[in-house]
Amino acid sequence: MAKFLEISPQPNYKEVESKVLKFWKSQNIFAQSEAKAASKGEFVFYEGPPTANGQPAMHHVLARAFKDLFPRYKSMQGFHVTRKGGWDTHGLPVEIAVEKKLGLTGRNHGATRAEMEEFNKLCRESVFANIQDWNTFTERMGYWVDLEHPYVTYHNDYIESVWNLLKRLWQKGLVERDYKVVPVSPRIGTTLSANEIADGYRDVNDPSVYVRLPIRLGTMPKALKAELEHQNVSLENLENPALVVWTTTPWTLPSNTLAAVNAELEYVLARSPQGHVIVAAGAVERMSQLYKDLPPLEVVARFKGSVMEFLEYHQPFPESFEELKLEGKAHFVALADFVTDDDGSGVAHEAPVYGAEDLALGRQYGAPLCFGTDKNGIMQVTEAKGKFFKDADKDLIRIMKERGVMYHAGQLLHSYPFHDRTGDPILYFARPSWFVRTNKMRANLAAQNQKINWYPPHIKDGRFGNWLENNVDWSISRERYWGTPLPFWKSEDGDLHVVGSIKELSELTGRDLSSLDLHRPFVDDITFDLNGKTFSRVPEVLDVWFDSGAMPSAQWHLLLEADGSAQRQENLETFKKHFPADFICEAIDQTRGWFYSLHAISTLLYDSPAYKNVICLGHLVDEKGKKMSKSLGNVVDPLPAFDKFGADSVRWYMFTASEPGDTKRFSERLVSEGQRGFVNTLWNVYSFFVLYANIDNPNLSNAPNIEQRPEIDRWLISRLEQTKEVMTKALDHYDARGAGKALDKFVMEMSNWYVRRNRRRFWSQDGTVDSSAYATLYEALVTCAKLAAPFTPFLAESLYQNLVRNQDSSSPESVHLCEWTNFDASRCDLNLISEMNAVLIVVELGRAARAKASLGNRQPLPRALVYARNSSDVTALTRLKDVALEELNVEDMEFLTGVTYKVRPNLPVLGKTLPSDAKKLMPQITAALANPEIAARVAENLNAGKIETLEIDGVNIELTLEKVLIDAEAPAGFESALSEGFLVALDTNLTPELKLEGLKRYLVRMVNQARKDAKLEVSDKIELRLELEGELREAAQEKRESLALETMCSSIEFGEPEAGDFVVALEDGGRLGLTKI
RNA sequence: GGGUGGUUAGCUCAGUUGGUUAGAGCAUCCCGCUGAUAACGUGAAGGUCCCCGGUUCGAGUCCGGGACCACCCA
């Protein structure tokens, strides 16, 4: 057998990993893994595209660790996995980055065609500004993804596929134009995203006005009329009856079309200083306080909000409808769930064009849209026409006072969003917008969702399911510049034509447009004639979520209409092969992002989910549970962490630290714990193996068959098989953590039990090499490398190269090209595993007993007395007696008899077998068994195989060995320990021989410590001189041979150390000296 | 305001269908062991299982109510 490469027991993971990276690169291992024969077909994975112009951060490591693991696993299992990279390149983040670079603050950079052209050019250039960082990051963490052929959302091919998709939606009648309320920065008239407003909230003083809306008595709904009559209210005697509404935005009052009440709330008719008013019952007290010097509101009738529906009123600015030439039914009471009586009057003023909920309500009641301002916030109606909306408040309040409809005008300090770049208050404003009618497909969206396996499962009917249930139509248009232009062409009179490909557009225009850049402004120049009308493009671009949601087809440049070209046909085949995905994985914020856009598009077009399994990760937070953000300064950069701990340790942490769906805390300290637990332990076993294999040069191919190896070897192999089984099952259920924990447990046992117990077998004496031990540990290590490959690809590769590839050049070139090792039941002796568990418990107890007796493990003891609860454990301990004896350093083991017993009911078992009325007797049963005489009788009879019956309260309780727990108590005079039905007692009477042996072991330890301190190699031989008195001298003389053997010592002399010896003083005044020879 | 998840040792987390003395790793201390090991072993210390109520012979676990944290939506 060739020598293994020598390795350091304390590796520099940065070096180890960079060596592996070089190897992967030079041998094209990733490409090979993509190219290798796949017996099981395709495992479909979709890469969720990151925004390339951001910086890679730790949360990308989290997602990518999982996105890497399953493809690696499936590939080893014999699937082919296409791992096409992708980049999200359009949209606001890019535009904002460019705006910042240009120093544009609130200027409308799309005002002219030339400006827009320049702006989009800069956007395109900036998209990949950080691409180098991404490439470095991707490679360094060992994330295998094809970055040479990624899909890029701004490429013409991609856009064309998205157009094609939109056309198909249009043909299905799922595209329509409507209004949508969006936050707008007035003056520049730009739509803002939620992120842009999030930081802009400020506390400001705004008007707080209560306005009277006189009711039209003649239109009073019957239900309300009946209520009032029932409560003896005479309509004729009412004084100026009015609804009172409350608002902090008087400038929206001219746009009022409805007043809203909550159907379930209680409302009242009350006498106020200004006549009769209708307000919420919960607002009476508050409104009485408005005029403290005047009498409070006096309730004259009470009724539910629902009876007021369709009650009409006079709105304070009737001129709005005239000036805007509006028609249609408006100015009546509508019912709305969102109305509360927590503030104001409990009656909401509705100006639908200035609020999302209000718009929906207005639509529901069919009220016309009244635009009191334009999108730049300039008033279009009333005397205040031409004023900026915020400046109009004063005039409008004055007018309302003049008209006698102002109930009360005050001020209110509240928080309101401002646009930080212009300083203007945000205007929420209904803009024409394009929608995909997902709401119509709501039932199917939910049905398709039921086919998806969500990890964690609660997302399915929780966050994602709820989101689908409350689905509203998907607003797909944005009034921006850098994005996929909507392929919507409109004629002047409103006819719509959706273009599905460049070829189609070429045919429509009669020009070859195959080299047209599909972005604005170029595409805006294209017009065509159809049906005698001229069509030009609508100005909007597409929501970027639609871009990424289109990737299943757009990444393959799918154009559905066959045109006879081989390329189109091939793309279609490729798409079919890669749809739907078997697996995707992103963080939980994508439930409303990519998870949704994939799902919606796929449901609408293909009547299928887009993915079958999805891991939805929790967010990464800092050590204290705080969100990682630049402003808090708690961001951990991935690259330095990779260098410090190794990418493997960071990955390992991501898999094993907590459930994937839980919020995960991250810090260097936590990563280093995982490193010490798993990565270092595996490495240590590996380095142990290499160290001794290189000395002993075992012939592994000549090792005995598994069946002929010692039990401890078969035990390790059995545990190895068991680990394979658990891991495979876990990974098949996308349970990375479960698989990782199983591997971790195995590595711990291999190190702390197998290697520790068998150290001496790897240390050949008189030239006999224990090839069983070597073959067993070798197999365990190689298998660990394969099992760890998807988790810690560098470590796995490193082990594999040295242990396998360097020995056998016919083996696969990389661990990642190996087959996944499958469970082999014939090699897994479950019985042996449980027997070993019994030994482990007994050893543990023996050590505890030693500790109680203050007897160090080096002192051999004559006898251990063991009690085991059941006979199979007795068999096990008898078979594996030697292991226990050696580990406990005792000469003999006997089974205890004559113990006293403690008996308790085995509750889970007994509870199930008792009839329900007898279960109440449980406390009495426990009490009865606590009686020593009953306990002794029950224990002895049950142990003898008889069945015992207890009579309690006239009920016969039949007891069997399974239904009770019997513990033994040690006879007096022994140190003992007790657990899980086992008892271990130690006989601490030392014979002179045992004493000498203990002393010898002390000497061995001192000599070996001295060798270590003298920096000798393991294989160095020494001369030893011992200057000893009394017992120690006697022990050294008596045990001279074994002392020499265990210290690699060729000669022992008794006397003073010589000059040049490495000298160590001993406890009792003696000295030892040694010299290397 | 609505939704989802969470709350168990100083820290990070397990805890299966309700059942025995609620566990592991890390950290601390004592002792021990050690020629792979920066490792390991024994023991100690550390818990009102967030709170209140209910169901039950029995609740960390099931039910109801509440508090707090995180995220999403409004």
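Within every chain, numbering begins at 1; the chains are lettered A, B, ... in the order of the sequence lines, protein sequences first and strands thereafter.
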*Asks:* If you check the A:Arg1001 side chain, which of B:U12, B:A36, B:C33 turns out closest?
*Replies:* B:C33
*Asks:* State which residue, out of A:Arg737, A:Arg665, A:Lys664, fulfils the side-chain hydrogen bond (donor to acceptor under 3.5 Å, both in side chains) condition with A:Ser658.
*Replies:* A:Lys664
*Asks:* Can you check nucleotides 67-74 of chain B for protein contacts, nitrogen or oxygen pairs under 3.5 Å, and list what you find?
*Replies:*
{"residue": "B:C71", "atom": "O2'", "partner": "A:Arg463", "partner atom": "NH1", "Å": "3.1"}
{"residue": "B:C71", "atom": "O2", "partner": "A:Arg463", "partner atom": "NH2", "Å": "2.5"}
{"residue": "B:C72", "atom": "O4'", "partner": "A:Arg463", "partner atom": "NH1", "Å": "3.2"}
{"residue": "B:C72", "atom": "O2'", "partner": "A:Arg592", "partner atom": "NE", "Å": "2.9"}
{"residue": "B:C72", "atom": "O2'", "partner": "A:Arg592", "partner atom": "NH1", "Å": "3.0"}
{"residue": "B:C72", "atom": "O2'", "partner": "A:Arg592", "partner atom": "NH2", "Å": "3.4"}
{"residue": "B:A74", "atom": "O2'", "partner": "A:Glu357", "partner atom": "OE2", "Å": "3.4"}

*Asks:* In whole angstrom, give the distance that lies between atom CZ of A:Phe688 and atom C1' of B:U34.
*Replies:* 13 Å
*Asks:* My understanding is that a pair needs two contacts under 3.5 Å, Watson-Crick or G-U wobble. By that rule, which nucleotide pairs with B:C11?
*Replies:* B:G25
*Asks:* For A:Asn758 and B:U37, give me the distance from atom CG to atom P, rounded to whole Å.
*Replies:* 17 Å
*Asks:* Can a salt bridge be assigned to the pair A:Glu997 and A:Arg1001 using a cut-off of 4.0 Å between side-chain N and carboxylate O?
*Replies:* no
*Asks:* Please measure how far the C1' atom in B:C13 lies from the corresponding atom in B:G60, and state the result in whole Å.
*Replies:* 15 Å
*Asks:* Can you check whether A:Tyr686 has a side-chain N or O nearer than 4.0 Å to OP1 or OP2 of B:A36?
*Replies:* no
*Asks:* Taking atom P of B:A36 as reference, at what distance in whole Å does atom CZ of A:Arg761 sit?
*Replies:* 15 Å
*Asks:* What is the nucleic acid contact for A:Val755, judged by heavy atoms within less than 4.0 Å: base, sugar-phosphate only, or nothing?
*Replies:* base
*Asks:* Taking atom C1' in both B:A22 and B:A9, compute the distance separating them and give it to the nearest angstrom.
*Replies:* 11 Å
*Asks:* Under 4.0 angstrom, heavy atoms only, what part of the nucleic acid is A:Thr926 near: base, sugar-phosphate, or nothing?
*Replies:* nothing
*Asks:* For the pair made of CZ in A:Phe4 and C1' in B:A36, what is the distance, rounded to whole Å?
*Replies:* 15 Å
*Asks:* How many Å lie between CD on A:Glu659 and C1' on B:U12, as a whole number?
*Replies:* 14 Å
*Asks:* Rounded to the nearest Å, what distance is computed from the CG atom of residue A:Asn889 to the P atom of nucleotide B:G41?
*Replies:* 18 Å
*Asks:* To the side chain of A:Asn906, which of B:U4, B:U20, B:U37 is closest?
*Replies:* B:U20
*Asks:* Can you measure A:Tyr455 atom OH to B:U4 atom C1' for me and round it to whole angstrom units?
*Replies:* 20 Å
*Asks:* When the C1' atoms of B:A59 and B:G41 are compared, how many Å lie between them, rounded to an integer?
*Replies:* 36 Å
*Asks:* Please name the nucleotide paired to B:G60 by Watson-Crick or G-U wobble geometry with both distances under 3.5 Å, or report none.
*Replies:* none
*Asks:* Could you tell me how far B:U61 sits from B:U16 if I compare only their P atoms? Round to whole Å.
*Replies:* 11 Å
*Asks:* Closest approach to the side chain of A:Arg737, judged atom by atom: which nucleotide of B:G19, B:A14, B:A36 is it?
*Replies:* B:A14
*Asks:* Is there a donor in the side chain of A:Asn680 and an acceptor in the side chain of A:Tyr13, or the other way round, less than 3.5 Å apart?
*Replies:* yes
*Asks:* Contact between A:His619 and A:His59 at the side-chain level, heavy atoms closer than 4.5 Å - yes or no?
*Replies:* no
*Asks:* Which nucleotide sits closest to the side chain of A:Tyr692: B:U20, B:A36, B:A14?
*Replies:* B:A36
*Asks:* Distance between the C1' atoms of B:U28 and B:G46, in whole angstroms?
*Replies:* 10 Å
*Asks:* Would you indicate which nucleotide in B:U37, B:G5, B:G19 comes nearest to any side-chain atom of A:Asp662?
*Replies:* B:G5
*Asks:* Can you tell me how far C1' in B:U12 sits from the matching atom in B:G6, rounded to whole Å?
*Replies:* 15 Å
*Asks:* Any side-chain to backbone donor/acceptor pair from A:Thr681 onto A:Gly677? Under 3.5 Å, distance only.
*Replies:* yes
*Asks:* Could you tell me which non-hydrogen atom of A:Asp461 sits nearest to which non-hydrogen atom of A:Asn466, and how far apart they are?
*Replies:* O-OD1, 3.6 Å
*Asks:* How far, in whole Å, is B:A14 from B:C33 if one measures between their C1' atoms?
*Replies:* 29 Å
*Asks:* Tell which nucleotide pairs with B:U48, taking only Watson-Crick or G-U wobble pairs whose two distances are both under 3.5 angstrom.
*Replies:* none
*Asks:* Using atom C1' of each nucleotide, how far apart are B:C50 and B:C68 to the nearest Å?
*Replies:* 8 Å
*Asks:* Using only side-chain N and O atoms of A:Arg665, determine if any of them is under 4.0 Å from OP1 or OP2 of B:U12.
*Replies:* yes
*Asks:* Taking all heavy atoms of A:Ala730 and all of A:Ala739, pick out the closest pair and write down the distance.
*Replies:* CB-N, 3.6 Å
*Asks:* Both distances under 3.5 Å, Watson-Crick or G-U wobble: report the partner of B:A74, or none.
*Replies:* none
*Asks:* Within the 3.5 Å criterion, strictly below it, is a donor on A:Asp744 or A:Trp652 matched to an acceptor on the partner's side chain?
*Replies:* no
*Asks:* Rounding to an integer number of Å, can you tell me how far A:His733 NE2 sits from B:U16 P?
*Replies:* 19 Å
*Asks:* Quick check: closest heavy atoms across A:Gly346 and A:Val339, and the distance to 0.1 Å?
*Replies:* O-CG1, 3.4 Å
*Asks:* To the nearest 0.5 Å, tell me how far A:Phe746 CZ sits from A:Cys784 SG.
*Replies:* 5.0 Å
*Asks:* Consider the side chain of A:Leu670, meaning its heavy atoms from C-beta on, and name the nucleotide among B:A36, B:C13, B:U12 that approaches it most closely.
*Replies:* B:U12
*Asks:* Does the base of B:U21 carry an N or O that pairs as donor and acceptor with the side chain of A:Arg904 under 3.5 Å?
*Replies:* no
*Asks:* Map A:Gly661 and A:Arg1005 onto RNA chain B by nearest heavy atom, then report which one ends up closer to the 5' terminus.
*Replies:* A:Gly661
*Asks:* Scan every strand shown for a Watson-Crick or G-U wobble partner of B:C68, both distances under 3.5 Å, and answer none if you come up empty.
*Replies:* B:G6
